[in-house]
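One structure is given below, encoded as structure tokens.
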Number of protein chains: 2
Amino acid sequence: MEPAFKIKINRKLYLKDPELSELGRKILKQGLSLILQLGFEQFTFKKLAADIGTTEATVYRYFENKHRLLTYLINWYWTFLEYKILFNTKNINNPETKLKKVIELLSEEPKMQNKSDELSEKSAYELLMLEGSKAYLTRHVNSDNKHKFFKPYKDLCADFSSMIKEYNPKYPFPQSLASTILEMSHSQKYFMKYLPSLTDFGKEKTNAKHRQFLEHLLFQAIKKNN
Amino acid sequence: MEPAFKIKINRKLYLKDPELSELGRKILKQGLSLILQLGFEQFTFKKLAADIGTTEATVYRYFENKHRLLTYLINWYWTFLEYKILFNTKNINNPETKLKKVIELLSEEPKMQNKSDELSEKSAYELLMLEGSKAYLTRHVNSDNKHKFFKPYKDLCADFSSMIKEYNPKYPFPQSLASTILEMSHSQKYFMKYLPSLTDFGKEKTNAKHRQFLEHLLFQAIKKNN
DNA sequence: TTATAAATGATAGTATTACTATTATACTTC
DNA sequence: GAAGTATAATAGTAATACTATCATTTATAA
């Protein structure tokens, strides 16, 4: 279940590779945790530095600014999720079963895990739900895109889209459907938690309905022979 | 086509009603335009004040902070859109035709219109696409929600959801589907423009495919008898 | 082992942001 | 013409988003 690999992140996202030092890893882990706690707008490098017992200037040696750190963390999760999906569907031949597995993976909320040093999947999942779209909703989206900062998301989307095409090669909107399901998997969870009347899931504890919704949406859309 | 009514905005959103003075209307109109130009993060009341030839302090007499102004503008659009949809579907009895009309309205990009003093639909549409989710993706979402700042969005969603139920009373996720289509109508447009590989629309000039995608997604989901 | 470089800490500084406060002036309306 | 309201002008403050400098500690290579 736990894939044994190192997630590679676009080198333009950092000034100094945070994975390569104790302090860098603290910046990632505590940075993620502080963003979750304070919200991205209220989060600052100064607060983070205080939190991990270093100085603002030091944090700035790793990341140009807080948006780059956010993008790094989001990229980490997108890449992680792609591996997770590929790993868990690798031996499934039936396209339907495969897609169902993907929906399951997108719908389930990761369990707590505290392998101390590493970024936790659960926190990264939360981050994507709470702040994910802020990674691309900026006026520098084009420049970020040229730097390939969205490649992990595009790759993930492309994988999903391929599976859709495998299931029904004639479906005309596989990419849009993939990005829709990906986006919705997070935003419907957000709505469920904070604006439940925008959903049909109430404030339920389980994600069963959330999953049923996505699964139904997906399979109705790509249904064959109509 | 042009509905003749005044859009009422939640009074807690402002300190002084901006609709009631020349200056207030300038704050709205130029504020919207500046946010589009600079992006919400780079937008400040100081820049806005300079732009309309007043002082920062004066702008603060109308709005507590820039997020309230954003929420005001987004609320204005949600309310506008609700009226637009209700107005344009009022005399349609067939539920299918009605839903198709809604999709059409959600997919079409408003034309330029410069009735000088008033907020322009086109700009507000852009705002929703570029900054819309920042209205609710904050750590004060619960408090904002208690203040009913999201009521217009919920109302819009509820209307749409009712039409879905009218078409197929047995469909189990009308609210989620409504919010999904609403969200996607904007985010797929954003992707189309800035991250086209997340869609199947390329960098096309027309919104025809965008519309087909939404329509197909909607009607396949709520199809009867399966 | 020492020299050398690289990473971090300590400290300071700057322009801008996100406000609040005060006083003066102009504009309205009663 | 007085009284009130809206705006302008100005000032000030704490925090943000950085950049710069220099000293010190730590790792690495000769």
Side-chain angles (χ1 to χ4, degrees), chain A residues 11-31 34-35 37-73 117 131 134-135 137-140 143-144, chain B residues 11-32 34-35 37-73 117 131 134-135 138-140 143-144:
Chain A
R11 276 170 28 249
K12 286 182 198 145
L13 272 169
Y14 48 78
L15 300 170
K16 179 199 297 232
D17 191 339
E19 297 268 22
L20 263 40
S21 70
E22 194 61 34
L23 189 64
R25 289 185 294 269
K26 261 193 204 164
I27 289 172
L28 295 178
K29 201 174 163 65
Q30 270 310 110
L34 245 198
I35 294 172
Q37 201 184 121
L38 304 173
F40 185 62
E41 290 74 24
Q42 300 310 310
F43 167 83
T44 71
F45 277 0
K46 195 171 189 177
K47 290 171 187 169
L48 173 57
D51 216 44
I52 60 185
T54 184
T55 62
E56 216 185 341
T58 299
V59 181
Y60 275 104
R61 283 195 201 100
Y62 283 87
F63 289 98
E64 227 173 295
N65 54 55
K66 67 176 182 171
H67 192 270
R68 290 283 165 110
L69 172 57
L70 176 69
T71 308
Y72 182 106
L73 293 167
D117 215 25
E131 317 285 355
K134 291 172 193 167
L137 288 181
T138 71
R139 245 17 75 99
H140 45 87
S143 133
D144 284 4
Chain B
R11 277 170 27 248
K12 285 183 198 147
L13 274 168
Y14 49 78
L15 299 169
K16 180 199 295 231
D17 191 340
E19 297 269 20
L20 263 40
S21 71
E22 194 60 35
L23 189 64
R25 289 185 293 270
K26 262 194 202 164
I27 288 172
L28 296 178
K29 203 175 160 64
Q30 271 309 111
L32 170 45
L34 245 199
I35 294 172
Q37 202 187 117
L38 304 174
F40 185 63
E41 289 75 24
Q42 301 310 310
F43 168 83
T44 71
F45 278 179
K46 194 172 192 177
K47 289 171 187 169
L48 173 57
D51 215 45
I52 59 184
T54 184
T55 62
E56 215 184 342
T58 299
V59 180
Y60 275 105
R61 278 196 208 97
Y62 283 87
F63 289 98
E64 225 173 297
N65 55 55
K66 67 176 184 172
H67 192 269
R68 290 282 165 109
L69 172 57
L70 176 68
T71 307
Y72 182 105
L73 293 167
D117 214 26
E131 317 286 356
K134 291 172 193 167
T138 71
R139 245 19 75 101
H140 45 88
S143 132
D144 284 5

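Quantities reported herein were computed from a predicted structural model and do not represent experimental measurements. Note on naming: letters A, B, ... go to the chains in the order of the sequence lines (proteins, then strands), and numbering restarts at 1 for each one.
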Tell me: [atom1] of [X] to [atom2] of [N], nearest whole Å?
X: A:Tyr62; N: C:dA6; atom1: OH; atom2: C1'; value: 11 Å
X: A:Phe63; N: D:dT16; atom1: CZ; atom2: P; value: 20 Å
X: B:Leu15; N: D:dA6; atom1: CG; atom2: C1'; value: 14 Å
X: B:Asn65; N: D:dA14; atom1: CG; atom2: P; value: 20 Å
X: A:Gln42; N: D:dA17; atom1: CD; atom2: C1'; value: 14 Å
X: A:Phe40; N: D:dT16; atom1: CZ; atom2: P; value: 13 Å
X: A:Lys16; N: C:dA6; atom1: NZ; atom2: C1'; value: 7 Å
X: A:Lys47; N: D:dA15; atom1: NZ; atom2: C1'; value: 9 Å

### Task
Might you work through the side chain to side chain contact (heavy atoms under 4.5 Å, CB included) test for B:Leu23 and B:Tyr62, ending with a clear yes or no?
CA-CA 10 Å; B:Leu23 189 64; B:Tyr62 283 87; 4.1 Å; yes
As a test of reading the structure: which of [options] is closest to the side chain of [X], going by heavy atoms?
X: A:Thr54; options: D:dA8, C:dG9, D:dT19; answer: C:dG9
X: B:Thr55; options: D:dC18, C:dA18, D:dT10; answer: D:dT10
X: A:Thr44; options: D:dA17, D:dT10, C:dC19; answer: D:dA17
X: B:Leu23; options: C:dA10, D:dA17, D:dT7; answer: D:dT7
X: A:Arg61; options: D:dA9, C:dT20, C:dT8; answer: C:dT8
X: B:Ala57; options: D:dT10, C:dT8, D:dC18; answer: D:dT10

### Message
Less than 4.0 angstrom between a side-chain N/O of A:Thr58 and OP1 or OP2 of C:dG9, yes or no?
### Response
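Affirmative; the distance criterion is met.
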### Task
Just do the side chain to side chain contact (heavy atoms under 4.5 Å, CB included) check on A:Leu70 and A:Phe43 with the steps written out, would you?
CA-CA 11 Å; A:Leu70 176 69; A:Phe43 167 83; over 6 Å; no
### Task
With side chain to side chain contact (heavy atoms under 4.5 Å, CB included) as the test, would you mind laying out the steps for B:Glu41 and A:His67 before giving the verdict?
CA-CA 11 Å; B:Glu41 289 75 24; A:His67 192 270; over 6 Å; no
### Message
Checking side-chain contact (heavy atoms from CB on, under 4.5 Å) between B:Ile27 and each of B:Phe45, B:Phe63, B:Tyr14, which is the one that passes?
### Response
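The residue from B:Phe45, B:Phe63, B:Tyr14 that satisfies side-chain contact (heavy atoms from CB on, under 4.5 Å) with B:Ile27 turns out to be B:Phe63.
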### Query
Run the side chain to side chain contact (heavy atoms under 4.5 Å, CB included) check on B:Leu48 and B:Gln30 step by step: do they pass?
CA-CA 7 Å; B:Leu48 173 57; B:Gln30 271 309 111; 3.9 Å; yes
### Query
Which is true for B:Glu64 with a 4.0 Å heavy-atom rule: it touches a base, it touches only sugar-phosphate, or it touches nothing?
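Sugar-phosphate: the residue B:Glu64, judged by heavy atoms under 4.0 Å, touches backbone atoms but no base.
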### Query
Relative to the 5' end of DNA chain D, which residue comes earlier, B:Glu56 or A:Lys46, by the nucleotide with the nearest heavy atom?
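Checking each residue's closest nucleotide, the 5'-ward one belongs to B:Glu56.
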#### Entry: Earlier contact from the 5' end, DNA chain C, for B:Lys66 and A:Gly24
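Nearest nucleotide further toward 5': that of A:Gly24.
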